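Step one of this worksheet: look at the structure below.
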There are 2 protein chains.
Amino acid sequence: MPAHPHREDAAPADAGAAVDVGPLSGLVGYALRRAQLAVSRDLAEQFAALDIRPAQYSVLVVLARNPGLRAGQVALALGIQRANFVPLLDGLEARGLAERRRATGDRRASALFLTDAGEAMLARLEPLLAAHEAKFAARLGRDGRYQLMGLLHRIGDSAFDPG
Amino acid sequence: MPAHPHREDAAPADAGAAVDVGPLSGLVGYALRRAQLAVSRDLAEQFAALDIRPAQYSVLVVLARNPGLRAGQVALALGIQRANFVPLLDGLEARGLAERRRATGDRRASALFLTDAGEAMLARLEPLLAAHEAKFAARLGRDGRYQLMGLLHRIGDSAFDPG
DNA sequence: TATTGTTATACTCTATAACTATA
DNA sequence: TATAGTTATAGAGTATAACAATA
């Protein structure tokens, strides 16, 4: 709440009134941005206690599900550029959560694995994630959450489609 | 399509199969991120012809609707840090699309306005935005789009709520 | 020639602290 | 003392080009 003692500012628009964002509030992109920011901030807060960012979590999950996957495949699956995946994985490896092994058969490639510490980390992250999800599920309702997921997939799954 | 000539890589997981992202695909935050990325990329492409980014567009819209608004208010309305709003506005002012005037009554504050060129730019952006929105509206259907907006607002409007 | 991982680089977005000039 | 705008800075995310080793 602004102090607003005498309000002698003549020219500017009504300072106390709510700002009119006009057509922005009706745009899918704008609503998506606001929602995504709110959710990712909340998840980042939840994971901060374990010093894990959402992007790092997503890598841990994929490695847990697909041991031995190559770096390029993980990056592709997560929609990350291969070049940007390098420092991301570096960070996980430096902390002993994931490791690169030589892939047998193709000496260019690496096979990625979660370490035991990585598995343990994933287990500790799980309840934090559950709390995060529950918060937003409560706002949406069960049907709302189900509908939202369906609608979001209609948009995001075609990320690189032409039309 | 990977070449995959003899597939002698023994250790790694099945390279040809789709990667299992596990619980990620069921997370609201992950679906939001993918959808938001797809939409913002598309809008950025549409606006690229006029060298305008989505964030710049949002400022132009707010100024058009609220002439004389102060910088802090615009930043607050758009969820941008005041400090980050400065270079954003600098860019618009340098291109003659917006301008800062001295606010009467409070010599600390500035009153922001769209220039004629700014109004003209907004008019030229309008059809590009319409094409962008139409693309995603088509994927969602009219009801789907309406539902999505409602659900997203349930998440994003409470961006700074406690619970 | 093409691909894997990598390096280097740049730009945008986000975040925080601190300064200045006003109030 | 508090506020508006600003400066400076740092960290993430995203993007492209190019290189070495290997295919």
Side-chain angles (χ1 to χ4, degrees), chain A residues 1-9 12 15 33-34 36-38 40-41 43-45 47-48 51-59 69-76 78-91 93 100-112 159-160, chain B residues 1-9 12 15 33-34 36-38 40-41 43-45 47-48 51-59 69-76 78-91 93 100-112 159-160:
Chain A
M1 253 165 257
H4 220 301
H6 2 159
R7 88 158 332 290
E8 284 167 3
D9 33 331
R33 174 183 168 266
R34 305 285 297 215
Q36 201 267 330
L37 212 56
S40 75
R41 267 202 273 246
L43 186 60
E45 270 179 45
F47 283 176
D51 195 22
I52 290 287
R53 279 165 290 128
Q56 293 177 308
Y57 168 75
S58 69
V59 174
L69 215 55
R70 285 182 284 152
Q73 291 177 302
V74 178
L76 181 66
L78 294 175
I80 301 170
Q81 303 288 331
R82 279 176 324 177
N84 297 331
F85 184 70
V86 176
L88 186 51
L89 186 60
D90 284 346
E93 197 168 31
R100 291 178 240 234
R101 296 185 201 154
R102 251 302 164 257
T104 64
D106 186 338
R107 283 162 55 203
R108 292 172 303 182
S110 55
L112 306 184
F160 300 100
Chain B
M1 254 163 260
H4 218 300
H6 4 159
R7 89 159 327 294
E8 284 168 5
D9 33 333
R33 172 183 169 268
R34 305 286 296 214
Q36 201 268 330
L37 212 57
S40 75
R41 267 201 272 246
L43 186 59
E45 270 179 47
F47 283 176
D51 195 21
I52 291 289
R53 279 165 288 127
Q56 293 177 308
Y57 168 75
S58 69
V59 175
L69 214 56
R70 286 183 285 152
Q73 291 176 301
V74 178
L76 180 67
L78 294 176
I80 302 170
Q81 304 287 332
R82 280 177 325 177
N84 296 332
F85 184 69
V86 176
L88 186 50
L89 186 58
D90 283 347
E93 198 168 29
R100 291 178 242 236
R101 297 184 200 155
R102 252 295 169 264
T104 65
D106 187 338
R107 282 161 56 202
R108 294 171 302 182
S110 54
L112 306 184
F160 298 101

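Within every chain, numbering begins at 1; the chains are lettered A, B, ... in the order of the sequence lines, protein sequences first and strands thereafter. Everything numeric here is computed off the predicted structure, so don't read it as measured data.
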[X] side chain N/O closer than 4.0 Å to the phosphate oxygens (OP1, OP2) of [N]?
{"X": "B:R102", "N": "D:dG5", "answer": "no"}
{"X": "B:Q81", "N": "C:dT14", "answer": "no"}
{"X": "A:R53", "N": "D:dG11", "answer": "no"}

Nearest listed nucleotide, side chain of [X], among [options]:
{"X": "A:A83", "options": "D:dA17, D:dT7, D:dA4", "value": "D:dA17"}
{"X": "A:S110", "options": "C:dA8, C:dG5, C:dA15", "value": "C:dG5"}
{"X": "A:V86", "options": "D:dT14, C:dT4, C:dT6", "value": "C:dT6"}

Return the value, rounded to whole Å, for the distance between atom [atom1] of [X] and atom [atom2] of [N].
{"X": "A:R82", "N": "D:dA17", "atom1": "CZ", "atom2": "C1'", "result": "12 Å"}
{"X": "A:N84", "N": "C:dC11", "atom1": "CG", "atom2": "P", "result": "15 Å"}
{"X": "B:F85", "N": "C:dC13", "atom1": "CZ", "atom2": "P", "result": "13 Å"}
{"X": "A:R70", "N": "D:dA21", "atom1": "CZ", "atom2": "P", "result": "20 Å"}
{"X": "B:R108", "N": "D:dT3", "atom1": "CZ", "atom2": "C1'", "result": "4 Å"}
{"X": "A:D106", "N": "C:dA2", "atom1": "CG", "atom2": "P", "result": "17 Å"}
{"X": "A:Q56", "N": "D:dG11", "atom1": "CD", "atom2": "P", "result": "14 Å"}
{"X": "A:L89", "N": "C:dT7", "atom1": "CG", "atom2": "P", "result": "12 Å"}

Test for a donor-acceptor pair under 3.5 Å between the base of C:dT22 and the side chain of B:R107, counting only N and O atoms.
-> no
Got a second to check how far [X]'s [atom1] is from [Y]'s [atom2], nearest 0.5 Å?
{"X": "B:L37", "Y": "A:R33", "atom1": "CG", "atom2": "CZ", "answer": "14.0 Å"}
{"X": "A:R70", "Y": "A:L76", "atom1": "CZ", "atom2": "CG", "answer": "11.0 Å"}
{"X": "A:S110", "Y": "A:R101", "atom1": "OG", "atom2": "CZ", "answer": "11.5 Å"}
{"X": "A:L88", "Y": "A:R53", "atom1": "CG", "atom2": "CZ", "answer": "6.5 Å"}

Considering all heavy atoms, the nearest B:I52-B:F47 contact = O-CB, 2.9 Å
Counting any heavy atom closer than 4.0 Å, what does B:L37 reach on the DNA or RNA strands: base, sugar-phosphate only, or nothing?
-> sugar-phosphate
Pairwise 5' ranking along DNA chain C for B:A55 and A:A71, keeping only the more 5' one = A:A71
A:P87 vs B:L88, nearer the 5' end of DNA chain C by closest nucleotide | A:P87
